[in-house]
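The structure appears right after this line, and notes come after that.
Note that the structure is predicted; figures quoted are calculated from it, not measured. Reminder, nothing fancy here: chain letters follow the sequence lines and each chain counts from 1.
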Amino acid sequence: MTTQYWLVKSEPDTYAWDTFVRDGRTDWTGVRNYAARLHLKAMRPGDEVLYYHSNEGKAVVGIARVTKEAFPDRTADEDGWVAVELAPVAPLKKPVTLAAIKAEPALKDIALVRQGRLSVMPLKPVEFARIVKLGGRANL
DNA sequence: GCCAACGTTGGC
DNA sequence: GCCAACGTTGGC
């Protein structure tokens with residue numbers, strides 16, 4: 001199984017990257033959208049995930065890793081919704097802003113730009129690498 | 001099954 | 001705070 005690449009959004013007011021790092025791992029719950037759920041279900045342990053701050057910040061701030069594949073989201077009122085477990089891997093030296101992403105011709109087609117409301121989305125390996133390169137990989 | 005109304009997300 | 005985009009709901 002080759003590594004897959006993803007991007008997830010979080011509002012820093014709700015669950016910021018720093019909190020995630022302090023926690024060391026987290027259950028990625030609360031997704032209530034069919035397209036996003038499809039992506040959660042396709043995630044496999046070891047897949048790499050960009051962590052994007054929506055609203056405040058509007059930037060990719062770090063890299064995470066899938067540590068547990070999809071399981072039932074117990075925070076949901078109805079059955080059928082799922083969560084995955086994520087762990088932080090590395091922060092970016094410099095957040096990669098939405099504006100910077102939009103300015104990159106190679107990143108014009110990613111869902112972050114084209115489908116603004118989607119909260120979990122796949123990235124091509126080259127797109128993932130491009131964003132990491134723009135920000136610079138730091139150490140935890 | 002279509003489509004209008006409504007709610008939510010998220011950029012600005 | 002406003003509003004565009006878009007997903008969901010519900011009437012017919």
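Taking the side chain as every heavy atom from C-beta outward, A/Lys133 and A/Arg130 approach each other to under 4.5 Å.
Atom CG in A/Asn33 sits roughly 13 Å away from atom C1' in B/dG7 (whole-Å rounding). If you measure from atom NZ of A/Lys58 to atom P of B/dG11, you get 6 Å, rounded to the nearest angstrom. Rounded to whole angstrom, the span from the NZ atom of A/Lys102 across to the P atom of B/dG11 amounts to 8 Å. Here the P atom of nucleotide B/dT9 and the CG atom of A/Asn55 are 10 Å apart, to the nearest Å. Atom-to-atom, NE2 of A/His53 to P of B/dT9 comes out at 17 Å; the value is rounded to the nearest Å. To the nearest angstrom, P of B/dC12 lies 12 Å from CD1 of A/Ile101. To the nearest angstrom, P of B/dT9 lies 14 Å from CE of A/Met121.
Proximity of A/Tyr52 to the phosphate of B/dT9: no side-chain N or O atom is located under 4.0 Å from OP1 or OP2. Taking side-chain N and O atoms only, A/Lys9 has no distance below 4.0 Å to OP1 or OP2 of B/dT8.
Other members of the hydrophobic cluster containing A/Trp81, listed by chain and number, are A/Tyr34; membership follows side-chain contacts under 4.5 Å among ILVMFWY residues, whether direct or relayed. Residues A/Trp6, A/Val8, A/Tyr15, A/Trp17, A/Phe20, A/Val21, A/Trp28, A/Val31, A/Met43, A/Val49, A/Tyr51, A/Val61, A/Val66, A/Val82, A/Val84, A/Leu86, A/Val120, A/Leu140 make up the rest of the hydrophobic cluster containing A/Leu40, defined by ILVMFWY side-chain heavy atoms closer than 4.5 Å, directly or through other members.
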query: Should A/Ile101 and A/Val60 be marked as a side chain to side chain contact (heavy atoms under 4.5 Å, CB included) after you check the CA-CA gap, both sets of side-chain angles, and the distance that decides it?
result: CA-CA 9 Å; A/Ile101 288 169; A/Val60 176; 4.0 Å; yes

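Judged by distance alone, with hydrogens and angles left aside, the side-chain atoms of A/Asp47 form a donor-acceptor pair with the main-chain N or O of A/Gln4 at under 3.5 Å.
In terms of hydrophobic clustering, with Ile, Leu, Val, Met, Phe, Trp and Tyr side chains grouped at heavy-atom distances under 4.5 Å, A/Val113 and A/Leu50 are assigned to a common cluster.
For the ring-ring contact (aromatic ring centres under 6.0 Å, His included) condition, the pairs that include at least one residue of residues 103-140 of chain A, sequence neighbours left out, are A/Tyr5-A/Phe128. Residue pairs meeting the salt bridge (charged side-chain N to carboxylate O under 4.0 Å, His left out) criterion with at least one partner in residues 76-88 of chain A, sequence neighbours excluded, are A/Arg25-A/Glu85, A/Lys68-A/Glu85.
Between the side chains of A/Thr2 and A/Arg44, no donor N or O sits under 3.5 Å from an acceptor N or O.
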Anything under 3.5 Å between a protein N or O and an N or O of nucleotides 1-6 of chain B, put it in a table, one pair a line.
none

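Listed by residue number, A/Arg114, A/Gln115, A/Arg117 are the residues of residues 104-118 of chain A with a heavy-atom contact under 4.0 Å to DNA chain C.
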